[in-house]
Amino acid sequence: MQNIFKKSFDIIKDSPFLTLYFVLYLIAIFLIIPTMLLSKNMLISAIIIVLLMLLTCAFLAGWFNMIKTSVISYKKDKTPEEKLNDAIKLKDGFFSGVASYILPVIIGFIVFIGLLYLHSYVSDIIFGKIDDVLYNLSKYANDPAAFKNYFISLPDTTWNVIFKKSLFTYIACSFITLAFLYWASSLYLNCKNSINPIAAAFNAIKLMFCKFYETILIFILLMVVNFILMFLQAFFIENVIISFITMILRIYFAAYIVVLIFALYENKVNENKALAIDCNNGPNSIGQNDTCN
């Protein structure tokens with residue numbers, strides 16, 4: 001496991017295009033979202049939301065393919081020439097990934113969003129809705145004094161509902177995240193060259209149980225480090241330098257976690273020598289992903 005952490009770190013360090021493309025995507029998102037929020041036309045807002053979803057799916061389709069290429073072609077102590085060639089391959093891999101994987105990624109994205117919506121719907125059925133509270137909070141968002149007074153004035157019954165819904169959301173979203181943790185790597189790194197998003201979801205869940213301790217370790221690492229970075233960014237929000245550094249660290253950490261998941265998946269496949277022999281379909285055919293070790 002320690003070697004996988006080191007390998008993932010080396011990939012991020014030697015493949016600057018991975019984080020560069022991620023940053024460009026985030027910049028595009030931050031430019032689009034204000035336009036959507038400021039628009040008072042529901043039709044225009046709906047169109048922007050659909051375009052935003054398509055942009056996200058296109059980015060993920062290409063970005064995951066870049067990560068796949070980086071994990072497969074990883075080698076220690078690369079020469080500058082090898083690093084340059086790998087960087088060129090990564091750029092080409094982004095657009096070929098969009099062309100090949102855009103539809104499976106869209107399906108997976110819809111299923112993921114659907115599960116999030118389903119958990120919210122179930123939460124409203126079990127604990128009740130708090131739409132009026134959310135509406136009032138948004139109404140007082142620009143008035144700190146009124147916002148604070150309304151927050152304090154909420155009755156205990158409302159706080160009880162908020163606490164139960166928050167706890168339910170945290171647990172449900174944790175399970176959804178764990179279930180989808182290996183989905184992308186299962187879609188991109190299978191020996192059958194299958195791009196079936198539903199099969200990838202089942203294989204991702206199976207791998208979660210096969211590599212249960214590693215999965216929990218990655219999940220805890222993701223939660224703890226992300227919480228620390230969010231806390232630092234919020235605490236030093238008035239300090240531009242520290243806030244900017246924290247934001248950069250969050251971006252690099254997010255990219256590192258995704259690379260780590262792909263590397264762990266590839267390592268799991270390579271451990272099963274028998275399946276690796278059976279699935280010798282070429283340099284991009286890493287191994288079989290439907291059986292536990």
Side-chain angles (χ1 to χ4, degrees), residues 25 49-72 93-123 169 171-212 214-216 218-219 222 254 257-272 274-276 278-282 284-293:
Y25 163 73
I49 291 174
V50 172
L51 292 176
L52 190 61
M53 292 175 62
L54 291 176
L55 172 64
T56 298
C57 291
F59 165 75
L60 291 177
W63 195 52
F64 287 153
N65 200 50
M66 293 174 68
I67 294 175
K68 167 190 172 181
T69 303
S70 299
V71 170
I72 293 175
F94 179 85
F95 295 102
S96 64
V98 174
S100 301
Y101 292 95
I102 182 65
L103 288 180
V105 170
I106 288 176
I107 293 173
F109 186 80
I110 291 174
V111 171
F112 183 78
I113 296 298
L115 288 174
L116 293 179
Y117 175 79
L118 178 63
H119 112 269
S120 178
Y121 178 75
V122 172
S123 176
T169 295
I171 294 173
C173 290
S174 296
F175 276 111
I176 294 172
T177 302
L178 285 173
F180 271 81
L181 199 64
Y182 298 106
W183 179 81
S185 55
S186 178
L187 181 68
Y188 282 73
L189 290 172
N190 64 83
C191 71
K192 296 179 180 179
N193 293 321
S194 169
I195 54 174
N196 186 330
I198 305 302
F202 282 109
N203 291 330
I205 294 173
K206 181 177 288 188
L207 183 59
M208 178 187 69
F209 289 105
C210 294
K211 290 289 185 181
F212 184 75
E214 291 91 337
T215 302
I216 295 299
I218 292 176
F219 182 75
L222 174 62
I257 284 293
V258 179
V259 172
L260 178 63
I261 291 170
F262 270 72
L264 181 62
Y265 182 93
E266 187 211 23
N267 181 71
K268 179 264 169 190
V269 169
N270 289 335
E271 283 177 355
N272 198 323
L275 291 177
D278 292 339
C279 294
N280 189 18
N281 294 333
N284 290 336
S285 301
I286 305 303
Q288 179 60 271
N289 64 335
D290 6 339
T291 305
C292 295
N293 293 328

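Both backbone and side-chain heavy atoms feed into the values below; hydrogens, waters and symmetry mates do not.
The nearest pair of heavy atoms linking G108 to P197 is N-CB, 4.5 Å. Between C173 and H119 the shortest heavy-atom distance is SG-CE1, 4.0 Å. For the residue pair A200 and S186, the shortest heavy atom distance occurs at O-OG, 3.3 Å. Across all their heavy atoms, A179 and M208 have their closest contact at N-SD, 4.1 Å.
Separation of atoms CD1 (I67) and CD1 (I261) is listed at 9.0 Å; rounding is to 0.5 Å. Here the SG-CD1 distance, from C210 to I205, works out to 12.0 Å after rounding to the nearest 0.5 Å. Between T177 atom OG1 and I218 atom CD1 the span is 13.0 Å, to the nearest 0.5 Å. Between the CG atom of L178 and the OG1 atom of T215 there is a distance of 7.5 Å, given to the nearest 0.5 Å. Rounded to the nearest 0.5 angstrom, I198 CD1 and N203 CG are separated by 11.5 Å. Note that OH of Y265 is 9.5 Å distant from CG of L187, once rounded to the nearest 0.5 Å.
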_Intermediate values then yes/no, side-chain contact (heavy atoms from CB on, under 4.5 Å), I106 and L54_ = CA-CA 8 Å; I106 288 176; L54 291 176; 4.0 Å; yes
_What verdict does the side-chain contact (heavy atoms from CB on, under 4.5 Å) test give for W183 and F112, after you've listed the backbone C-alpha separation in whole Å, the side-chain angles of each residue and the deciding distance to 0.1 Å?_
CA-CA 11 Å; W183 179 81; F112 183 78; over 6 Å; no
*Please assess K211 against Y182 for the test side-chain contact (heavy atoms from CB on, under 4.5 Å), listing each intermediate value before the final yes or no.*
CA-CA 10 Å; K211 290 289 185 181; Y182 298 106; 4.2 Å; yes
*asked:* Please evaluate residues I72 and L189 with respect to the criterion side-chain contact (heavy atoms from CB on, under 4.5 Å), reporting the C-alpha separation (whole Å), side-chain torsions for both, the decisive distance (0.1 Å), and the verdict.
replied: CA-CA 9 Å; I72 293 175; L189 290 172; 4.0 Å; yes
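Between the T56 side chain and the L52 main chain, a donor and an acceptor come within less than 3.5 Å of each other.
Taking the side chain as every heavy atom from C-beta outward, S100 and I195 never approach each other to under 4.5 Å.
The aromatic rings of Y188 and Y101 lie parallel to each other, with less than 30° between the two planes, well short of the 60° mark.
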